[in-house]
Amino acid sequence: MQIKYTINNLLAAAAFLLLVGCASTAQQVGDNKYRTDCSGVFNSISECYAEATRVCEGNFNEIDRQIINRGQQWDAFCQCYITPVTRNLVFSCR
């Protein structure tokens, strides 16, 4: 029983880390205006810039950038401290 509980916890933690670390693709939010999210523990703002470069084939203008570090918070799911970071980039193609 203890081994099953441990394996379930490890699988849940791995799934959580994969979800937290995934960057989303850019979404069009206006005429030649896009928004991408690169939040997560294992991402950085460079993933947002990489997505803007991909969408605009290297030529984009940054309209707005937002980075919010929420500090350490206790997560009852993984029984650990996590540091949620929200990162967004709004851009347009040249």
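The aromatic rings of W74 and Y81 sit perpendicular to each other, their planes meeting at more than 60°, with 30° as the lower class boundary.
Cluster membership for I67 and F42, using ILVMFWY side-chain heavy atoms within less than 4.5 angstrom, is not shared. Linking Ile, Leu, Val, Met, Phe, Trp and Tyr residues whenever their side-chain heavy atoms come within less than 4.5 Å leaves V55 and V90 in two separate clusters.
The one candidate from D64, V29, I63 that meets the side chain to side chain contact (heavy atoms under 4.5 Å, CB included) condition with R35 is V29.
Between R70 and I68, the shortest heavy-atom contact is NH1-CG2, 3.3 Å. Annotation for E51 and T25: closest pair OE2-CA, 3.5 Å, computed over non-hydrogen atoms.
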(Q) Go through it in stages, so that I can follow the logic: the residues are L89 and C38, the test is side chain to side chain contact (heavy atoms under 4.5 Å, CB included), and I'd like the CA-CA distance, side-chain angles, deciding distance and then a yes or no. (A) CA-CA 8 Å; L89 177 68; C38 50; 5.9 Å; no

Q: Apply the test side chain to side chain contact (heavy atoms under 4.5 Å, CB included) to residues N88 and C48: give CA-CA distance (whole Å), side-chain angles for both, the deciding distance (0.1 Å), then the verdict.
A: CA-CA 7 Å; N88 298 302; C48 283; over 6 Å; no

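One N or O on the side chain of N32 and one on the backbone of C93 form a donor-acceptor pair closer than 3.5 Å.
Here the side chains of F91 and Y49 are not in contact, with every heavy-atom distance at 4.5 Å or above.
In this structure, OG1 on T36 lies 12.0 Å from CZ on R87, to the nearest 0.5 angstrom. Interatomic distance, I82 CD1 to Q73 CD, rounded to the nearest 0.5 Å: 6.0 Å.
For CD of E57, the number of neighbouring non-hydrogen atoms (other residues, nucleotides, ligands) closer than 6.0 Å is 12 at most. Residue Q27 places its CD atom among 12 or fewer non-hydrogen atoms of other residues, nucleotides or ligands, all under 6.0 Å distant.
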